[in-house]
Protein chains: 2
Amino acid sequence: MEIEIKARIDDMNKIIEKIEKLHAEFIGEEEHEDYYFTHPCRDFKENDESLRVRFSKSGTYLTYKGKRVSREIKTREEIEVKVDGNILELLEKLSFKLYKKIKKFRKIYRYGDLEICIDNVESLGNFIEIEGIGEKEIYEKKVLDLAQKIGISEFENKTYLELMEDKNHERD
Amino acid sequence: MEIEIKARIDDMNKIIEKIEKLHAEFIGEEEHEDYYFTHPCRDFKENDESLRVRFSKSGTYLTYKGKRVSREIKTREEIEVKVDGNILELLEKLSFKLYKKIKKFRKIYRYGDLEICIDNVESLGNFIEIEGIGEKEIYEKKVLDLAQKIGISEFENKTYLELMEDKNHERD
């Protein structure tokens, strides 16, 4: 289970300052190109699932995410597989259709066994994500405690994919 | 494009002797556990396609094979992706169903840019496969020439998966 909270941030430097004061360890920076796919015969959106191919300097990953168990603190099953080869063409052959691309820059920090990500998402803005993987009850508490320490109280419960859809609808 | 011929062999040692006389280079031995899947909403069999996860000591591979263009010399599109992670669980989440497992021992030889495989397939017996990847016309000729040199004239145009299905029907 992946347990995660996300929040919009206005002042990225202020947040980073707070994280560094907590002595979170800076892990590195990554650029992600995320390709989201529709299923050939199932409505991922209706079932609150997703299938993503992530291209990053650390490799290419195929990731399935299951239904959110809770929405405030996003808790959902995640299965990630590292892939080497033409996964886009293979998915296309199986009738998965490319639905959306999302590009972002991510700064990654580690705090205990939690991960803090500071994301600049193309056309959506800046966000912080705090994430843990494990037992729901334990990690919900851990994630919330850390959010409080950083001073985050208003969470964004939509995924980047949903926020991008909202943005596109506004434009229409 | 993958261009391939397959033939049953009665006397494995005799065939290996012939291959060695041609100075084909012995590459190695592998044990394959091949898992074949059905598509969530398309009949792979009807479309002459397949999706396979291969476990071998050199790694785990997800492979899509397209419709055979010709049947005598099996010519079909192949897309192979190396994977690291729980690909079986991920496929299951996407509603691909495990259909059949096929286990085999393979001796691999290289002859120019062709691959010769001597397979012992669990419950099917011994086979030789000669395979090239590239331009259809060129490799069909190359593959046939090598088959002639080895003394193979009767080809098996079914896949191991089809042969396994035939065997199971016999049993029923």
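Because the structure is a prediction, the values reported are computed rather than measured. The chains referred to below are lettered A, B, ... by the order of the sequence lines, with proteins before strands, and numbering in each begins at 1.
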Practice problem: Determine, for B/Asp145 against B/Lys141, whether the closest basic-nitrogen to carboxylate-oxygen distance falls under 4.0 angstrom. | Solution: yes
Quiz item: Of the backbone (N, CA, C, O) and the side chain (C-beta and beyond), which part of A/Phe44 lies under 4.5 Å from a heavy atom of chain B, both, or neither?
Solution: side chain
Self-check item: Proximity breakdown for B/Leu51 and chain A, heavy-atom pairs closer than 4.5 Å
Solution: side chain
Quiz item: Who in residues 89-103 of chain A is close to chain B, using a strict under-4.5 Å heavy-atom cut-off?
Solution: A/Glu89, A/Leu90, A/Lys93, A/Leu94, A/Ser95, A/Phe96
Practice problem: Taking only Lys NZ, Arg NE, NH1 and NH2, and the carboxylate oxygens of Asp or Glu, determine whether B/Glu49 and B/Lys65 approach each other closer than 4.0 Å. | Solution: no
Self-check item: Residue selection (most heavy-atom pairs with chain A, distance under 4.5 Å) from B/Gly66, B/Gly59, B/Gly85
Solution: B/Gly85
Self-check item: Neighbour count >12 (heavy atoms, 6.0 Å) for atom CG, A/Asp10
Solution: no
Quiz item: Would you call B/Lys6 and B/Glu129 a salt bridge, taking side-chain N to carboxylate O under 4.0 Å as the test?
Solution: yes
Practice problem: Output yes when A/Arg106 and A/Glu29 qualify as a salt bridge under the 4.0 Å nitrogen-oxygen rule, no when they do not. | Solution: no
Quiz item: Do B/Glu156 side-chain atoms and B/Lys158 backbone N/O form a donor-acceptor pair below 3.5 Å?
Solution: yes
Exercise. Taking the six-membered ring for Trp and the single ring otherwise, decide whether the centroids of B/Phe127 and B/Tyr160 are under 6.0 Å apart.
Key: yes
